[in-house]
Amino acid sequence: MCGVRAEKMSLSVREWTCTGCDTKHDRDVNAARNILAAGLVVTACGADRGPQRGAVSRAGSRR
């Protein structure tokens, strides 16, 4: 994976090809991986941990 983010797309689009590296992605598989990763973070660090896009830290700065 190259890290390129896809534009917003309809939920009816189940597979897409990355414009950066031509890798084919399955949205259901990706969702399952994200859920697994979040569960592992909760298991290891507690429920109040994990990546949160655009969240404001306790110090008041953006992460």
Side-chain angles (χ1 to χ4, degrees):
M1 261 193 318
C2 67
V4 169
R5 291 184 133 181
E7 300 276 329
K8 287 193 176 198
M9 61 184 82
S10 167
L11 288 176
S12 64
V13 177
R14 304 315 310 152
E15 296 178 344
W16 60 278
T17 302
C18 177
T19 58
C21 64
D22 290 328
T23 300
K24 288 191 175 191
H25 295 277
D26 181 302
R27 291 179 82 178
D28 296 320
V29 171
N30 187 52
R33 288 179 179 152
N34 290 338
I35 292 167
L36 174 61
L40 293 172
V41 168
V42 168
T43 300
C45 303
D48 64 335
R49 299 286 182 234
Q52 298 173 1
R53 291 187 196 140
V56 177
S57 71
R58 291 182 188 157
S61 60
R62 284 205 162 290
R63 291 194 235 178

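These figures come from a predicted structure and were not determined experimentally.
Note: Ile35 CD1 to Leu40 CG = 12.0 Å, rounded to the nearest 0.5 Å.
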Output a table of donor-acceptor pairs, distance under 3.5 Å, between side-chain atoms of residues 12-19 and any protein atom two or more places apart or on a different chain; print 'none' if there are none.
residue, atom, partner, partner atom, Å
Ser12, OG, Ser10, OG, 2.9
Arg14, NH1, Leu11, O, 2.5
Arg14, NH2, Asp28, OD1, 2.5

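In this structure, Val29 stands alone, with no Ile, Leu, Val, Met, Phe, Trp or Tyr side-chain heavy atom under 4.5 Å from its own, directly or through other members.
Residue pairs meeting the salt bridge (charged side-chain N to carboxylate O under 4.0 Å, His left out) criterion with at least one member in residues 31-44: none, sequence neighbours excluded.
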